[in-house]
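So the structure is just underneath, and the comments pick up after that.
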There are 2 protein chains.
Amino acid sequence: MNFSSSEENYIKSIYHLQQSCELVNTNAVAATMHTRAASVTDMLKKLKRKKILQYERYKGFKLNEQGKKHALGIIRKHRLWEYFLVEKLGFAWDKIHPIAEELEHICSDELITKLNDYLGNPAFDPHGDPIPDQHGRIPNRKQLSLNILPLKQTVKVSAVGNQSTQMLEMLKHYHIGIGTQLSVTKRFSFDGSLEIKVLKFPNCIISASVAKNIFVHHDK
Amino acid sequence: MNFSSSEENYIKSIYHLQQSCELVNTNAVAATMHTRAASVTDMLKKLKRKKILQYERYKGFKLNEQGKKHALGIIRKHRLWEYFLVEKLGFAWDKIHPIAEELEHICSDELITKLNDYLGNPAFDPHGDPIPDQHGRIPNRKQLSLNILPLKQTVKVSAVGNQSTQMLEMLKHYHIGIGTQLSVTKRFSFDGSLEIKVLKFPNCIISASVAKNIFVHHDK
DNA sequence: AAATAAATTTAGACAAATCTAAAAAATATA
DNA sequence: TATATTTTTTAGATTTGTCTAAATTTATTT
Ligand SMILES: [Mn+2]
Ligand SMILES: [Mn+2]
Ligand SMILES: [Mn+2]
Ligand SMILES: [Mn+2]
């Protein structure tokens with residue numbers, strides 16, 4: 001089956017939303033995609049006709065196995081291109097998303113196979129998000145948000161939950177990137193802010209809202 | 001001004017056609033783009049409205065300076081991506097065109113600047129066609145078709161006029177690629193076929209119709 | 001349970017890009 | 001020059017993706 005760029009954007013959006021709830025609702029898709037609920041409903045009918053979506057009027061919807069598989073294919077392409085843009089072309093972290101948003105719709109299996117080989121079969125994109133393999137399998141890694149990490153455990157940053165320029169600026173200031181080693185040395189109950197120790201740098205303090213967006217994992 | 005992928009494809013097609021005639025005609029565009037004359041007329045009105053085309057009903061048309069500039073930008077992107085696909089991803093010559101046909105529409109000036117730098121600012125694409133620079137300037141190189149090259153002059157292959165799988169197969173068989181050194185040793189007036197000497201290989205004979213599609217240049 | 005609010009869908013419109021079939025203009029031919 | 005042929009344009013339709021405004025269904029409050 002073949003899908004247009006627009007259909008693919010909806011598929012991807014629904015996929016991401018259904019990771020955190022059983023059934024997805026119309027308004028949520030409209031909000032994340034910056035369209036209107038009526039447009040979403042139109043697309044739902046089309047995706048149901050194409051048999052990649054379970055959907056009943058007024059009851060919510062979710063991708064079926066076929067739909068999820070296709071979503072993972074698009075996400076794979078998106079994240080491989082992001083990796084390319086950062087690692088090969090030298091783009092900054094916060095500039096790559098809109099470009100990958102276009103590149104992900106280029107359809108050629110051979111292109112993706114060759115790009116993947118060229119990049120060395122990377123497992124994570126520059127934001128720390130996992131890259132599904134050609135069968136749609138995702139490397140899963142136990143990770144937790146920095147603001148629930150117990151004190152004094154040395155961990156590595158595995159991903160960031162917010163990929164804005166503002167967040168990048170903040171992380172740069174703290175010398176934090178994907179893979180950075182750090183530990184939490186103190187937690188202030190007043191506002192939930194944390195004192196952390198970043199490897200090779202003096203202790204510093206970060207707010208709870210920043211910490212919430214930093215995901216870490218233990219050891220290698 | 002912003003252009004859709006479809007508009008860009010028309011612009012590119014008109015640009016190529018007007019390289020070999022003063023005014024382009026509707027049917028020629030329809031033929032090269034595999035659309036219908038009526039669709040071309042619709043698009044001509046649109047491109048005229050956007051002020052990149054000189055066009056009068058029934059009289060033919062051509063891109064103005066603005067239009068030519070935009071065409072060169074698209075061609076630059078197309079050829080840079082083709083170079084990437086062959087030199088970095090290891091694609092064969094005859095598989096890259098449809099992929100570049102999509103990639104050329106991705107719009108990000110920074111992407112093209114960085115891609116160009118990454119590729120080492122190449123001057124020619126894998127088919128030997130010149131890559132316009134960021135100002136739309138084309139490196140021009142005096143080249144001539146192999147079937148009008150005088151005997152015994154040693155030249156280098158600079159481009160091929162036919163980029164099909166069939167042509168690639170043929171050229172591979174003759175050990176000919178872009179940059180290959182060769183000379184014409186004999187010309188048969190019966191059917192215009194040529195005997196050529198490819199560097200490091202024994203003499204061989206090629207037909208006039210193959211020769212017509214091989215372009216060569218002297219020295220360096 | 002009725003009234004109100006929120007979420008969702010339908011109805012109807014629009015722009016972009018394409019098509020077919022018919023009309024009009026330009027060109028070639030007898 | 002009149003007729004035939006080719007080229008180009010117009011008229012009108014279709015598909016895709018979007019929108020607004022109104023109707024409908026579901027959920028939440030009194
Ligand atoms: Mn996208
Ligand atoms: Mn990412
Ligand atoms: Mn194209
Ligand atoms: Mn080329």
Side-chain angles (χ1 to χ4, degrees), chain A residues 1-14 17-18 20-63 67 70 74 98 101-102 104-107, chain B residues 1-14 17-18 20-63 67 70 74 98 101-102 104-107:
Chain A
M1 186 91 73
N2 239 47
F3 296 98
S4 68
S5 293
S6 191
E7 288 170 329
E8 287 192 336
N9 285 334
Y10 278 96
I11 292 167
K12 200 162 53 111
S13 166
I14 295 168
L17 287 167
Q18 77 185 30
S20 53
C21 59
E22 183 54 31
L23 283 176
V24 184
N25 48 289
T26 308
N27 273 347
V29 175
T32 59
M33 295 194 62
H34 308 103
T35 54
R36 300 316 181 106
S39 310
V40 176
T41 303
D42 288 343
M43 186 56 83
L44 292 175
K45 288 176 189 165
K46 191 141 67 110
L47 296 180
K48 187 182 185 178
R49 238 184 300 127
K50 290 198 169 188
K51 295 188 196 304
I52 59 162
L53 191 77
Q54 286 170 37
Y55 165 53
E56 257 188 294
R57 267 157 92 254
Y58 293 107
K59 303 291 183 196
F61 46 89
K62 64 177 175 184
L63 295 173
H70 195 81
I74 306 163
E101 203 55 50
E102 297 191 52
E104 71 189 355
H105 304 294
I106 306 250
C107 56
Chain B
M1 186 93 70
N2 239 45
F3 296 96
S4 68
S5 293
S6 191
E7 288 170 328
E8 288 193 335
N9 286 334
Y10 278 96
I11 291 167
K12 199 163 52 113
S13 166
I14 295 168
L17 287 167
Q18 78 185 28
S20 52
C21 57
E22 183 54 29
L23 284 175
V24 184
N25 47 291
T26 308
N27 273 348
V29 174
T32 58
M33 295 193 63
H34 308 104
T35 55
R36 299 316 180 107
S39 310
V40 176
T41 303
D42 288 343
M43 185 56 82
L44 292 175
K45 288 175 189 165
K46 193 142 63 111
L47 295 181
K48 186 181 185 179
R49 236 185 301 127
K50 290 198 169 189
K51 296 188 196 303
I52 59 162
L53 192 77
Q54 286 169 37
Y55 165 54
E56 257 188 293
R57 266 157 93 254
Y58 293 107
K59 302 290 183 199
F61 45 89
K62 64 177 176 185
L63 296 173
H70 195 83
I74 306 162
E101 203 56 48
E102 297 192 52
E104 71 188 358
H105 304 294
I106 306 252
C107 54

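Note that these values count all heavy atoms, side chains included, but never hydrogens, waters or copies made by symmetry. Naming convention: chains lettered A, B, ... in sequence-line order (proteins, then strands); numbering from 1 in each chain.
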Exercise for the section: Mind checking D42(B) for me? I need base, sugar-phosphate or nothing, with any heavy atom below 4.0 Å counting as a touch. Expected result: base
Handout entry: Validation row: I14(A), L47(A) side chains within 4.5 angstrom (heavy atoms)
Key = yes
Practice task
Name the nucleic acid region contacted by S6(A), choosing base, sugar-phosphate or nothing; use a 4.0 angstrom heavy-atom cut-off, strictly under.
Solution key: sugar-phosphate
Handout entry: Below 4.0 Å: OP1/OP2 of dT8(D) and any side-chain N or O of T41(B)
Key = no
Handout entry: Distance in angstrom units between F61(A) CZ and dT8(C) P, rounded
Key = 8 Å
Practice task
Quick one: pull up CE in M43(B) and CZ in R49(B) and give me the separation to the nearest 0.5 Å.
Solution key: 10.0 Å
Practice task
Kindly indicate whether the side chain of M33(B), heavy atoms from C-beta on, has any atom under 4.5 Å from the side chain of V40(B).
Solution key: no
Handout entry: L63(A) side chain reached by H70(A) side chain, heavy atoms, under 4.5 Å
Key = no
Handout entry: K59(A) side chain near dT26(D) phosphate (N/O to OP1/OP2, under 4.0 Å)
Key = yes
Handout entry: Spacing of E56(A) atom CD relative to dT26(D) atom C1', expressed in whole Å
Key = 14 Å
Exercise for the section: Could you tell me whether Y55(A) contacts a base, only the sugar-phosphate backbone, or nothing, with contacts defined as non-hydrogen atoms closer than 4.0 Å? Expected result: sugar-phosphate
Exercise for the section: Find the distance K48(A):NZ to dT9(C):C1' and express it as a whole number of Å. Expected result: 14 Å
Practice task
For Y10(A), answer base if it contacts any base atom (sugar-phosphate contacts may also be present), sugar-phosphate if it contacts only those atoms, and nothing otherwise; contact means non-hydrogen atoms under 4.0 Å.
Solution key: sugar-phosphate
Handout entry: Selection from dT18(C), dT10(C), dT7(D) that lies nearest to any side-chain heavy atom of K45(A)
Key = dT10(C)
Exercise for the section: Using a cut-off of strictly less than 4.0 Å, decide whether N27(A) has a side-chain nitrogen or oxygen near OP1 or OP2 of dT8(C). Expected result: yes
Handout entry: Min side-chain heavy-atom separation N9(B)-E104(B) under 4.5 Å
Key = yes
Practice task
Give one of base, sugar-phosphate or nothing for T26(B), where a contact means two heavy atoms less than 4.0 Å apart.
Solution key: sugar-phosphate
Exercise for the section: Find the distance L44(B):CG to dT7(D):P and express it as a whole number of Å. Expected result: 16 Å
Exercise for the section: Check the distance between dC19(C)'s C1' and H34(B)'s NE2 and give it to me in whole angstrom. Expected result: 17 Å
Exercise for the section: Measure from CZ on F3(A) to P on dT16(D) and round the result to the nearest Å. Expected result: 13 Å
Exercise for the section: Answer yes or no: does a side-chain N or O of R36(A) lie under 4.0 Å from OP1 or OP2 of dT20(D)? Expected result: yes
Fill in the blank from the handout: M43(A) CE to dT8(C) C1', in whole Å, measures 17 Å
Exercise for the section: In whole angstrom, give the distance that lies between atom CG of L23(A) and atom P of dT26(D). Expected result: 14 Å
Handout entry: Which residue lies more 5' along DNA chain D, comparing Y58(A) with A38(A) via nearest heavy atoms
Key = A38(A)
